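A short worksheet on the structure shown next.
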Amino acid sequence: MSNEIIRDDSPAEYNLSRRKVLLGGVVLIGSSYLGPTLPAWADSLQNASYTNQFMQLSTLLVNHKLDKNVGLRLAAAMQTSKRLTPQQVTDLLGIASAKNAKIVEDFFPDIPDGPLKVAALEIISAWYKGVLVDAPDAEVFTYELALMYQPTIDVMTIPSYAISGPNGWTSHAPPLADMPEF
Amino acid sequence: MNADVIVIGTGVVGCLIAEELLDAGHSVLMLEAGPRVERWQIVENYRNLPPTSRLHFNAPYPPKPWAPHLMSATPEQAAEYLQLEGPNARAYQQGYVRYAGGATWHWAGICWRLTPDDMKLKSLYNVGRDWAFDYATLEPYYVKAEYALGVCGPSEPELQWPPIRSKPYPMGRLPFGPGEQRFTDAAATVGLVNLPSAQARNSGVAYGDRPACCGNNNCIPVCPIGAKYDAATSLTRIESKGGRILPNAVAYKIETGEKNKIQAVHYYDSEKNTHRVTGSIYVVACNGIETPKLLLMSTDTRNPNGVANSSDQVGRNMMDQPKLVVELELAEPAWTGVGPVQGSSIMETSQGDFRSEHCGALFRFNNMARSRIGATAALAQGLVGKALDKEIRRQAACTAEIAIEHELMPAAHNRLTLSSKKDWLGLPKPNIYYDVGDYVRKGSQVFSIPTAKRLAGALGATKVDISTQYTNSDHIMGGCIMGNDPANSVVDIDCRAHDHENLFLPGGAAMTTGGCGNSTLTMAALALKASDAIHLQLGKA
């Protein structure tokens with residue numbers, strides 16, 4: 001027997017290819033090449049108007065710095081999964097516009113209960129959780145950029161990352177009122 | 001293939017023994033049922049999990065078809081491999097990993113010792129069994145294990161558990177974050193001491209080839225930087241010393257020969273081809289479930305009930321620390337999640353004369369970051385904007401949980417047998433009957449739950465929710481119980497099988513009783529004690 005070191009790749013269902021493919025797809029679109037190997041949802045990204053509107057709406061629903069690449073993935077996935085239609089985006093923007101809204105509190109109460117409100121809440125939830133659906137095998141759009149970590153980022157690390165160094169943490173407990181900027 | 005020592009299993013026990021014997025000049029071949037992967041792959045698997053799945057500590061370790069282990073993300077997955085029955089079947093859903101490196105990939109790193117009293121329960125309280133040797137015999141091996149694993153801990157005797165030590169910890173203690181300090185202060189108001197844990201995590205400095213802990217708060221399910229000991233950190237070192245590691249090699253039969261000595265181990269590779277390896281000494285260290293399973297599968301005319309099983313004790317006395325969880329909502333923020341995921345416990349509640357009547361318990365303020373939990377709860381309320389952010393921060397900071405881990409006595413009816421259901425290779429799945437028993441149930445009712453309520457009150461809890469069902473602590477013990485009498489035990493004081501002079505079964509399965517703390521340091525100490533015996537035996541050969 002040789003002393004060859006045997007190593008295994010990460011199993012296919014959990015490997016990196018999904019995130020790499022998604023990021024790679026975005027890069028390819030940026031270079032204006034749309035080949036036959038692109039994911040099915042790539043067609044929707046050609047519709048700049050839809051994705052721009054989605055980001056505009058996201059910025060109104062979630063009043064924080066939003067990553068455009070994450071937004072592209074979310075926009076496409078929401079449309080492909082029929083969780084959001086271009087008409088709903090237009091309708092929600094219309095409600096915001098009618099209220100001359102700058103932040104979500106300005107227009108959210110005016111969104112009627114039903115599919116439109118569900119869609120708005122799903123957009124918000126996706127930005128915070130990094131997934132459309134929090135279920136086994138669901139696609140993760142982002143881990144570290146999911147906004148759910150930000151309201152506590154002054155104290156709690158994003159698990160697996162670190163915000164201090166060796167023994168660099170203390171028992172200091174900041175007030176709840178000191179909300180971080182993000 | 002041949003070596004002086006065949007080691008089945010590449011977890012903490014197998015790796016410690018392999019390295020000790022390599023250092024002593026013996027050749028070692030290790031068989032590992034599962035795959036061998038790099039740390040970054042596990043970290044990326046974890047980050048690619050949907051938020052709730054990140055709670056399932058085995059989820060970043062998808063099993064290979066030939067080496068199944070428990071996956072618990074869905075009830076269907078949970079029912080797939082371990083076949084569980086009995087009044088507390090749910091409480092034996094043990095998480096362990098059949099990967100090179102074993103279950104220490106996703107342990108919390110806590111290294112409690114047993115106390116002298118923990119080892120003589122029969123003499124002192126007329127319950128359970130006495131260990132076949134005393135604390136003083138094990139103490140030097142505890143020290144050796146602490147230095148092998150790189151354990152940090154307090155230098156003040158009043159903060160040590162137990163404060164009976166022949167040598168300081170190799171590193172000083174880790175600092176508390178705000179949550180554990182808050183719990184320590186609250187415990188003091190009800191007369192209890194929350195001790196900083198001894199933990200196999202590098203405190204302030206590098207140790208061996210591992211860097212210092214930076215508080216990534218992800219010890220479970222994987223330390224992303226290898227600051228916590230896991231056996232995977234020793235695999236390349238073992239190879240550099242000449243050890244051979246064979247992953248995807250599923251041992252399925254131990255072959256006996258003349259004088260009932262072990263003469264070979266048979267394994268399947270990932271394509272179902274069979275192979276046979278031989279050695280002078282055989283070590284089965286596949287954790288407390290897979291070890292008895294392999295022994296029971298290995299029947300022959302000399303050993304009709306399985307290898308090492310003339311006592312009929314293989315697979316019996318299955319133990320763990322049955323756990324209850326207390327969910328708390330607090331008026332003031334606790335801010336858990338700063339530092340490692342676990343770092344302290346109340347231990348004194350595990351000791352006392354009450355042990356003649358009911359169990360004791362350990363109380364731990366879990367220190368996992370709760371941002372995800374806070375966000376999930378706040379989003380479920382339909383909140384938006386500033387109200388959403390405010391509620392996430394409040395939920396993350398002002399909720400917490402206390403884990404209560406109880407001491408379970410060895411009992412013959414808590415038993416692992418071979419299921420009629422087969423796995424991908426056609427090997428029987430393990431079937432386990434589990435009842436935590438009246439000793440634990442009474443301890444919960446009259447002692448641990450009332451104590452937890454006092455702690456909750458001291459913390460200023462506005463809401464207290466105590467789980468009604470015991471769950472697993474993943475501390476698998478007892479299936480090859482140690483003792484002096486071959487009629488009622490499986491291994492001797494060196495973890496050598498009574499029935500086979502060249503077969504060693506070290507680790508959790510050999511433990512006579514388990515106390516309230518996690519079992520890993522005792523497993524490691526037993527491994528090092530067995531290593532000495534193996535070295536001596538090989539020398540004689």
Side-chain angles (χ1 to χ4, degrees), chain A residues 1 3 5-11 13-16 18-19 61 63 103-105 108 120-121 124-125 128-131 133-140 143-144 146-153 155-176 179, chain B residues 1 35-38 41 43-53 60 62 64 73-74 174-178 181-182 203-205 212-218 224 239 244 246-248 333 335 337-339 369-372 374-376 379 382 384-386 388-390 392-394 396-397:
Chain A
M1 179 194 164
N3 264 349
I5 297 172
I6 302 171
R7 299 176 191 281
D8 289 78
D9 287 325
S10 179
E13 61 268 39
Y14 285 97
N15 69 16
L16 277 178
R18 180 178 60 213
R19 207 155 71 172
L61 288 169
N63 311 132
I103 57 174
V104 64
E105 285 88 346
F108 196 81
L121 286 170
I124 295 168
S125 174
Y128 274 80
K129 288 185 176 178
V131 290
V133 184
D134 187 6
D137 301 326
E139 186 171 358
V140 176
Y143 175 70
E144 63 275 16
L147 294 176
M148 64 181 171
Y149 299 114
Q150 294 303 318
T152 55
I153 200 65
V155 190
M156 295 176 181
T157 185
I158 300 170
S160 78
Y161 291 89
I163 52 177
S164 65
N167 290 7
W169 57 92
T170 71
S171 58
H172 171 67
L176 278 180
M179 180 68 70
Chain B
M1 281 183 286
R36 183 169 179 185
V37 301
E38 298 288 350
Q41 294 173 298
V43 175
E44 284 300 322
N45 287 351
Y46 168 76
R47 291 174 181 166
N48 276 293
L49 290 169
T52 298
S53 298
K64 292 291 187 185
T74 65
L174 285 160
F176 278 164
Q181 187 59 53
R182 171 92 181 275
S203 172
V205 295
C213 174
C214 292
N216 301 58
N217 199 250
N218 208 66
E239 286 171 326
R244 289 173 292 170
L246 205 56
N248 305 310
W335 288 121
V338 179
R370 298 179 68 86
S371 321
R372 184 197 60 78
T376 302
L379 286 162
V384 302
K386 288 185 172 57
L388 173 62
D389 295 336
K390 195 174 165 187
I392 292 174
R393 189 168 168 89
R394 189 194 72 80

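Letters A, B, ... mirror the listed sequences (proteins, then strands); counts begin at 1. Small disclaimer: the values here were computed from a predicted structure and weren't measured.
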### Query
Any idea which of Thr152(A), Asn63(A), Leu121(A), Leu61(A) has the most non-hydrogen atom pairs under 4.5 angstrom with chain B?
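Counting heavy-atom pairs under 4.5 Å, the top option is Thr152(A).
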Quiz prompt | Most chain B-contacting option - heavy-atom pairs closer than 4.5 Å, from Gly130(A), Gly168(A), Ala135(A) | solution =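 Max contact count across the listed options: Ala135(A).
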Kindly compute the distance separating [atom1] ([X]) from [atom2] ([Y]), expressed to the nearest 0.5 Å.
X	Y	atom1	atom2	result
Ile158(A)	Ser371(B)	CD1	OG	8.5 Å
Leu147(A)	Asp389(B)	CG	CG	8.0 Å
Lys386(B)	Ile103(A)	NZ	CD1	4.5 Å

Worked check of side chain to side chain contact (heavy atoms under 4.5 Å, CB included) between Leu49(B) and Val140(A):
CA-CA 7 Å; Leu49(B) 290 169; Val140(A) 176; 5.7 Å; no
- Between Arg372(B) and Tyr128(A), is NZ or CZ placed under 6.0 angstrom from the six-membered ring centre and within 45° of the ring axis?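 So Arg372(B) doesn't make the cation-pi contact.
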Can you tell which part of [X] gets under 4.5 Å to a heavy atom of chain B, answering side chain, backbone, both or neither?
X	result
Phe108(A)	side chain
Pro175(A)	backbone
Thr170(A)	backbone
Val131(A)	side chain

Polar contact flag, side-chain donor to acceptor under 3.5 angstrom, Asn167(A)-Ser203(B):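 A donor-acceptor contact under 3.5 Å links the two side chains.
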Worksheet entry | Check: Thr157(A)/Asn217(B) side-chain N/O donor and acceptor closer than 3.5 Å | no
Leading residue by heavy atom contact count with chain A [cutoff under 4.5 Å; candidates Gly177(B), Gly204(B), Cys214(B)]: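 Of the candidates given, the most pairs with chain A belong to Cys214(B).
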### Query
Can Arg394(B) and Leu176(A) be said to form a side chain to side chain contact (heavy atoms under 4.5 Å, CB included), step by step?
CA-CA 7 Å; Arg394(B) 189 194 72 80; Leu176(A) 278 180; 4.2 Å; yes
